[in-house]
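Values reported hereafter were calculated over all heavy atoms of this structure, with side chains retained and with hydrogens, waters and symmetry mates removed. Both ligands and their constituent atoms are indexed starting at 1 by order of listing.
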Amino acid sequence: MLFSPVPKSSREDFFDREAELESLQRFLKSDAPLCLILGLRRSGKSSLLRVGLKEAGMPSITLDLRVLEEKLRPSYADLLDLMSGELSSFASRRRGLAKAILEAFKSVEGIEVEGLRISFRWSGRGAVRLVDLLAGLERAFRASGTVGVVAFDEAQELAAVPGLRFDSVLAYAYDNFSNLKVVLTGSKVGLLYRFLRFDDPKAPLFGRAVWRIELPYFSKEQSLEFLKRGFEQVQLKVSEKELVEVVEALDGVPGWLSYYGFLRVQGLSHEAALSEAKARGVQLLLGELESFLRLRPLARDRYAAILYALATGARRWSEIKRVAEARLAERIPPKNFTELLNHLLEVGFLVKENDGYTLPDPLIREASLRLQ
Ligand code: ADP
Ligand code: MG
């Protein structure tokens, strides 16, 4: 079904992403070690990853790092927790490979293997290092004559884990592994790039070529087509006028469009489904904005004022600044103001267009107006 509230796992349910899927397939078959899947929130990254991995039929482990975003202070132990959960479920899905993995892990410091149980030591001396863990997987895949994938979904969240040199880990994997490929997805594209420092000559990943796949939001035409096809599929009659209204309200955000359709399929009227989809979206976005602001308590009022300015239609640097300052009843030093704008850009709550700045998703407008 095209309409659902969760990431897709089959091509038939996944609308119009053929080129991106082909690109991911080519990457998985290639010798390239590292792939980035980039796109704003709810553009379909996790879906692309799942469909692509499933079709390739390669052994894979996906870590959903959004759980780290919800924590005030995510730790290395949280990452290992996630890893051990995914490894166990992987081992039970792929019994054949499980043996090779247990074997490869026996010699890794910080990993204890007891029968089928794997446990990690995560603190102090002798803690397991991520790079050794991945190297263990690489050995296991090589020993089994196969190539496997480890995917870090929303990889920028690892930037908040203290002591983790993720860029060094990736550089090591890039240079040394031939049987383990890495896929990273990121909603906060600017943050991911700053974190991985591909452009910094002093950084471990400098100059490495990466396979990039970008997932833009749908255009107006694509959005209408998506809704039409979805309703055809479930043989539900809807009027053109309703569809146009939906696309006006939700724009081309696949996640919101899909959720609206899902609610209609459940029997909600057009009005009820649209208002429910908006309400749920705004609630999710408020949570995401709060996670962002919680880490920046001193600048909170300024961010809120900037988002308010954008939500009320300001587009140009000077205009946004003026509206935000009026709302705050204080001046924001120009340098600081630019920093705040750049930070919003980095995390994808804001996008740059030729004639200025704008909110990428109409529901961010709503959420911004509600921000206290
Ligand atoms: P992301 O990982 O980028 O945040 P997801 O893959 O979780 O996005 O997709 C968000 C929602 O939108 C999911 O419910 C998914 O089923 C739906 N969706 C995204 N892209 C498509 C698409 N091309 N066709 C159908 N549904 C989609
Ligand atoms: Mg996702």
* Starting from atom 4 (O) of ligand 1, find the nearest protein heavy-atom neighbour and note its residue, name and distance. =>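 For this ligand atom, the closest protein heavy atom is Arg42 N, 2.9 Å.
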* **Identity and distance of the protein heavy atom lying nearest atom 8 (O) of ligand 1** =>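 Result for atom 8 (O) of ligand 1: Gly44 N, 3.0 Å.
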For [X] and ligand 1, answer yes if some heavy atom of the residue is under 4.0 Å from a ligand atom, otherwise no.
{"X": "Val6", "value": "yes"}
{"X": "Gly39", "value": "no"}
{"X": "Thr185", "value": "no"}

Enumerate the atoms of ligand 1 whose separation from the nearest heavy atom of [X] is less than 4.0 angstrom.
{"X": "Phe218", "answer": "22 (C), 23 (N)"}
{"X": "Leu2", "answer": "25 (C), 26 (N)"}
{"X": "Pro5", "answer": "14 (O)"}
{"X": "Gly255", "answer": "10 (C), 11 (C), 12 (O)"}
{"X": "Ser47", "answer": "5 (P), 6 (O), 9 (O), 15 (C)"}

* Looking only at heavy atoms, is any part of Lys45 under 4.0 Å from ligand 1, and if so is it the side chain, the backbone, or both, or is it neither? ->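 Lys45 to ligand 1: contacts from backbone and side chain alike.
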* Report the part of Asp13 in contact with ligand 1, treating N, CA, C, O as backbone and CB onward as side chain, heavy atoms under 4.0 Å; options are side chain, backbone, both, neither. =>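 Looking at Asp13 and ligand 1, just backbone atoms fall under 4.0 Å.
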Between the candidates [options], which shows the shortest non-hydrogen contact distance to [atom]?
{"atom": "atom 25 (C) of ligand 1", "options": "Phe262, Tyr259, Phe226, Trp256", "value": "Phe226"}
{"atom": "atom 21 (C) of ligand 1", "options": "Phe3, Phe15, Phe14", "value": "Phe14"}
{"atom": "atom 18 (N) of ligand 1", "options": "Gly230, Pro254, Ser9, Pro7", "value": "Pro254"}

Using a plain distance cutoff, I'd like to know if [X] has any nitrogen or oxygen under 3.5 Å from a nitrogen or oxygen of ligand 1.
{"X": "Lys8", "result": "yes"}
{"X": "Ser187", "result": "no"}
{"X": "Glu154", "result": "no"}

* Metal proximity, Ser46 vs the Mg ion (ligand 2), N/O/S cut-off 2.8 Å ->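 An N, O or S atom of Ser46 is closer than 2.8 Å to the Mg ion (ligand 2), so yes.
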Thinking salt bridges, do [X] and [Y] make one under a 4.0 Å N-O criterion?
{"X": "Asp78", "Y": "Lys71", "result": "yes"}
{"X": "Glu22", "Y": "Arg26", "result": "no"}
{"X": "Lys241", "Y": "Glu245", "result": "yes"}

* To do: If the plane angle is over 60° it's perpendicular, under 30° parallel, otherwise tilted; pick one for Phe166 and Phe195.
  =>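 Rings of Phe166 and Phe195: parallel, as their planes differ by under 30°.
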* Aromatic rings Phe226 and Phe15: how do their planes relate, parallel, tilted or perpendicular, breaks at 30° and 60°? ->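 Tilted: the ring planes of Phe226 and Phe15 meet at 30° to 60°.
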* Please check if the distance between the ring centroids of Tyr303 and Phe349 is under 6.0 Å. =>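 That pair fails the under 6.0 Å test.
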* Are Trp122 and Ser75 linked by a side-chain donor-acceptor pair shorter than 3.5 Å? ->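 No, Ser75 and Trp122 have no side-chain donor paired with an acceptor closer than 3.5 Å.
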* Asked: Any side-chain donor-acceptor pair under 3.5 Å between Glu86 and Thr62?
  ->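 Per modelled atom types, Glu86 and Thr62 side chains form no pair under 3.5 Å.
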* Spacing of CZ belonging to Arg42 relative to CG belonging to Leu215, to within rounding of 0.5 Å ->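 Going from the CZ atom of Arg42 to the CG atom of Leu215 covers 14.5 Å.
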* Option from Glu288, Glu69, Glu154 for which salt bridge (charged side-chain N to carboxylate O under 4.0 Å, His left out) with Lys188 holds ->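 It is Glu69; the other options fail the test.
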* **Contact check, side chains of Leu295 and Leu72, non-hydrogen atoms, under 4.5 Å** =>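 Counting from C-beta outward, Leu295 and Leu72 do come under 4.5 Å.
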* Verify salt bridge (charged side-chain N to carboxylate O under 4.0 Å, His left out) between Glu103 and Arg139, making sure each step is shown before the conclusion. => CA-CA 9 Å; Glu103 197 51 44; Arg139 281 198 304 281; over 6 Å; no
